[in-house]
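Please read the structure below before turning to the comments.
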Amino acid sequence: MSYLLPELPYSYDALEPFIDAKTMEIHHSKHHATYITKLIVGLEKFPELLALDIETLVSKLNELPEEVKPVVKNHGGGHLNHSIFWSIMSPNLEDRKEPSEELKTTLGADFGGYDNFISKFKEMATNLFGSGWTWVIKNKEGKLEIKNYPNQENPLMFGEYPIMGIDVWEHAYYLKNQNRRNEYIIYWLQVVNWNEVKNRLNK
Ligand code: MN3
């Protein structure tokens with residue numbers, strides 16, 4: 001079994017009061033788990049693909065046999081997106097305190113400053129229509145961009161590196177925030193693991 005649900009590096013209630021325990025439990029143990037189950041079923045006849053790590057599989061989307069592209073795009077993307085998502089949140093105050101001046105400079109460099117970077121991220125996530133993710137990506141030229149991708153698409157499918165991304169599917173916030181996606185976005189930004197964001201910038 002090559003694709004497994006990663007254990008959360010913290011308990012379901014660890015991100016309270018910003019992200020509630022029930023949402024975390026359903027999101028991880030049901031939604032994320034289902035992407036993995038469906039990915040494994042969809043790749044049944046392709047053991048060589050099941051043997052790849054998830055980042056490699058998703059990066060190769062365009063080269064894959066036509067019949068597996070949809071399952072890799074939807075469920076492979078779902079597995080990878082959520083694996084990243086859990087890792088870039090933290091209950092640890094040291095991880096989620098304001099980024100250092102150095103990190104703020106790096107994040108803000110392509111946006112006219114860190115405050116503009118945060119405003120743009122909030123605006124993009126608020127305005128994403130339907131289900132999808134707002135990503136901070138490093139493009140092929142090494143510049144940062146903020147982009148919206150629908151459903152479970154991942155930047156690696158487009159030759160971009162995902163630095164941080166917010167899941168704005170309703171399942172990520174509806175129990176707590178109902179239709180107030182903007183409230184969820186503000187709460188989510190309180191639990192971002194900036195140390196992990198920094199690690200991803202240096203990859
Ligand atoms: Mn989700």
Side-chain angles (χ1 to χ4, degrees), residues 3-43 53-55 57-59 61 69-91 95-96 121-137 146-158 160-193 196-197 200:
Y3 296 120
L4 294 171
L5 184 63
E7 257 186 61
L8 268 192
Y10 37 81
S11 61
Y12 287 134
D13 64 0
L15 304 179
E16 293 266 14
F18 302 106
I19 313 285
D20 63 292
K22 194 71 190 165
T23 295
M24 287 298 293
E25 182 182 349
I26 296 171
H27 202 175
H28 177 260
S29 72
K30 306 283 191 235
H31 290 280
H32 189 172
T34 302
Y35 294 119
I36 297 170
T37 309
K38 292 192 172 172
L39 178 63
I40 292 169
V41 170
L43 294 181
D53 66 78
I54 189 62
E55 281 200 1
L57 177 72
V58 164
S59 304
L61 177 68
K69 279 184 181 171
V71 76
V72 171
K73 190 173 181 178
N74 296 331
H75 301 291
H79 176 25
L80 178 57
N81 289 348
H82 289 84
S83 300
I84 296 170
F85 191 60
W86 312 131
S87 77
I88 57 165
M89 297 188 285
S90 175
D95 290 330
R96 67 195 204 187
F121 185 82
K122 283 185 190 162
E123 183 192 315
M124 294 281 289
T126 302
N127 293 334
L128 191 157
F129 182 75
S131 296
W133 293 65
T134 296
W135 288 101
V136 178
I137 61 106
I146 301 174
K147 289 190 166 184
N148 285 345
Y149 284 122
N151 303 313
Q152 295 298 351
E153 289 179 12
N154 182 280
L156 286 176
M157 295 172 187
F158 310 98
E160 302 161 345
Y161 189 74
I163 303 296
M164 62 184 264
I166 182 171
D167 185 350
V168 293
W169 285 54
E170 283 187 345
H171 69 226
Y173 61 89
Y174 203 83
L175 286 181
K176 182 179 176 73
N177 310 105
Q178 287 87 48
N179 64 327
R180 300 180 303 278
R181 187 193 284 177
N182 57 337
E183 181 183 276
Y184 158 68
I185 295 164
I186 290 165
Y187 287 175
W188 186 80
L189 285 166
Q190 300 296 312
V191 298
V192 171
N193 182 343
E196 183 57 20
V197 169
R200 296 186 67 85

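Model, not experiment: these values are computed from the prediction. Hydrogens, waters and symmetry mates play no part in the numbers below; they use all other heavy atoms, side chains included. As the structure lists them, so they are numbered: ligands from 1, and atoms in each ligand from 1.
Asp167 contributes atom OD2 as its closest N/O/S atom to the Mn ion (ligand 1).
Among the atoms of His27, an N, O or S atom falls under 2.8 Å from the Mn ion (ligand 1). At least one N, O or S atom of His82, from either the backbone or the side chain, sits less than 2.8 Å from the Mn ion (ligand 1).
Using a 3.5 Å distance cut-off with no hydrogens or angles, the side chains of Trp86 and His32 do pair a donor with an acceptor.
Ring geometry, Tyr35 versus His82: the interplanar angle falls under 30°, so the pair is classed parallel (tilted spans 30 to 60°).
Tyr149 pairs with exactly one of Phe158, Trp135, Trp133 by the ring-ring contact (aromatic ring centres under 6.0 Å, His included) rule, that one being Phe158.
Side-chain contact between Asn148 and Val168: absent, with no pair of heavy atoms (C-beta onward) separated by less than 4.5 Å.
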